[in-house]
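A note on names: the letters A, B, ... follow the listed sequences, proteins ahead of strands, and every chain is numbered from 1.
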Protein chains: 2
Amino acid sequence: MARPPQFDRSEILEKATQLFWEHGYRGASVSDLVKATGLLPGSIYASFGNKEGVFIACLEYYSVKLEGNREQFERESSPLTVLRNFFFAVVEQSADGDDRRGCFLVNASLECGESETAIKSKVRGCLSQNETWLRDQLEAARQVGELSEDTDTTKLAACLTGAMFGFRVMSRAQEDSNKIRDMATATFECLMTPWQQVAI
Amino acid sequence: MARPPQFDRSEILEKATQLFWEHGYRGASVSDLVKATGLLPGSIYASFGNKEGVFIACLEYYSVKLEGNREQFERESSPLTVLRNFFFAVVEQSADGDDRRGCFLVNASLECGESETAIKSKVRGCLSQNETWLRDQLEAARQVGELSEDTDTTKLAACLTGAMFGFRVMSRAQEDSNKIRDMATATFECLMTPWQQVAI
DNA sequence: ATTATTATTGAATGAATGTTCAATAAAATA
DNA sequence: TATTTTATTGAACATTCATTCAATAATAAT
C-alpha cells in the first residue's frame, strides 16, 4: 500500500562506506553523502534517520563483508591455515601502497569518542565479532592437534587482534610496504610458534 | 619594541592538547579552543596561524613530553630494563579504566587523512622518533649482551611499535583493563624471549 | 478509480564552522 | 615622551553544517 524505495540499499551503502572510509565520519558531510550516493537529503533522512544512522549502517555493511571475507578462506584448509591465510590477506591489504585507508572499523574506533555512543558500541561489537572468529579458529586448530593442548586460545586471539590493529595503524601512517610485511610476519611467527605442534 | 604575548605558551598548549586529545582534531572547534584556552580567536590566529597550526603545535608539545617521559626511565637501569619499564608504563596508561583517550599521536594518525598533509607528516615524524628510540635502546641492550648478537633491532623495534599501536587501539575501544594488560604482556614476552640472553 | 501510504524532491532552516579585521591596548626603543 | 611594533579585543564574515518540511510523485490495496 505504499511506494517502495527507488534505490538499491547495498549500492548506496557501498558508496557511502567508500566515502566515510576515505574521509572519516566527521570528515564527510551530508552534502558529500548526497553527491556520492545520488540520494537527496530527504531520502537519506527517511531511510537512515540521520548522518549517524548512515554511518552505523555502513559499519554493519563493512562488517558483513568482512565476515564473508573470512568465510571465503574456510573452504579447503585446516583451521591454522585458514587463520594464517586470513591474517596475511589483511597484511597484504594493509601493505598495499595504493590503498592506505586501513580498516574502516579501527579508524572509526579512534575517530569517534564518548559523544558518539551508538557508533562506539557498534564498532565494539563488530571488532569483537572478528576476535571471536579468531578464537574459534584457534580453538578448532587446538582440537585438531595443530596447536598444543594448553594453548590459551582466548588470549592468543587477543594478541593476534592487537597485532592486526598494529599494522592497520602502520598502514594509515604510510609506512613502507615491506616494513609492514616484515613486522607482521615476524610478530605472527613469534606469537604462534610457541603453541604450534610439530607434525609427527 | 613591541608588546609581548600575555599568555604562557605551554600552558595554552597543555589545555589545547587536552581538548584535541579528548575530541579529536575535527571534533574540537575553534570556539571550543577559545573556551578551553581563554584566548580569543584573534590571539589564536596571530600566534598559530590557524586551527591546523594549533594542532601541529599540540602534536609537538605532546611529542616533547613523551620524549621526557622516555628519558625519565633512562636513569639507573640496564637498556633492556629501561625498555621494559617504558613499554609497561604505556601498557598501564592504556589499561587505565578512567582514561581511555589512547595515544594522541596514534589517534591523530587515524583521524587525519590525505587532506591534512601537514598534520600527517608531523605525526609520522613524532611516531618514528619513538620507534628510533626503541631501536637505540635495543641496540644498546645488544651491545651490553642483554640481547643476542644476531638480534635484528630495527625489525624488533618495528614489532614493538606495532604492539604498542595495538593496545593503544584496544584502549580506545574500551576493552577490559586486564585483557589489555594480559595481551600486552604476552606479546612483549613472545617478541623479546627469542633474543634474550640468559645471564651466566 | 479512489484511497492510503510511503518515497522523493529541493529549497529553506538555524546553528555552527573557520577565519578576518579595524579598533584598541600595551610594551620597548629612541 | 614620542614612536614603533606587536598583542588583544570582540564583533562580523561568508561558508558550510546537519536537519526539516511542504509539496509532489509513485505505488499497492480497496
Minimum-distance nucleotide (side-chain atoms of A:Pro41 versus C:dT9, C:dT19, C:dA11) = C:dA11
Whole angstrom value for the distance that separates P of C:dA11 from CG of A:Leu40 = 10 Å
Atom-pair distance (CG on A:Asn50; P on D:dC17), nearest Å = 16 Å
Any idea which of C:dT6, C:dT19, D:dA18 is nearest the A:Lys51 side chain?
-> D:dA18
Is a salt bridge present between B:Glu116 and B:Arg26, judged by a nitrogen-to-oxygen distance below 4.0 Å?
-> yes
Protein-nucleotide distance (A:Lys35, atom NZ; D:dC17, atom P), rounded to Å = 8 Å
Residues A:Glu111 and A:Lys120 bridged, charged N to O under 4.0 Å | no
Pair B:Glu92 + B:Arg181: basic N to acidic O under 4.0 Å = yes
For B:Phe55 and C:dG18, what is the distance between atoms CZ and C1' respectively, to the nearest whole Å?
-> 16 Å
Step through it carefully: locate the ring centre of A:Phe87, locate the ring centre of A:Phe73, and say whether they are under 6.0 Å apart.
-> no
Contacting residues from residues 14-33 of chain B, given that a heavy atom lies under 4.0 angstrom of DNA chain C = B:Ala28, B:Ser29, B:Val30, B:Ser31
Please report, rounded to the nearest Å, how far the P atom of C:dG18 is from the CD1 atom of B:Ile44.
-> 10 Å
Is there a donor and acceptor pair, one atom on the side chain of A:Arg3 and one on the base of C:dA7, closer than 3.5 Å?
-> yes
Does A:Glu114 pair with B:Arg101 as a salt bridge, N-O distance under 4.0 Å?
-> no
Here the distance between atom C1' of C:dT9 and atom CD of A:Gln6, to the nearest Å, is 12 Å
D:dT8 OP1/OP2 closer than 4.0 Å to side-chain N/O of B:Ser43 | yes
Nearest to the side chain of A:Tyr45 - D:dT9, D:dT27, D:dT20?
-> D:dT20
Report the C-alpha distance between B:Phe20 and B:Leu59 in whole Å, list the side-chain angles of each, state the deciding distance to 0.1 Å, and finish with yes or no for side chain to side chain contact (heavy atoms under 4.5 Å, CB included).
-> CA-CA 10 Å; B:Phe20 279 130; B:Leu59 291 171; over 6 Å; no
d(CD, B:Glu52; C1', C:dT19) in whole Å = 14 Å
What is the distance, rounded to the nearest whole Å, between atom CZ of B:Phe48 and atom C1' of C:dG18?
-> 16 Å
Would you call the rings of B:Phe104 and B:Phe55 parallel, tilted or perpendicular, where under 30° means parallel and over 60° means perpendicular?
-> perpendicular
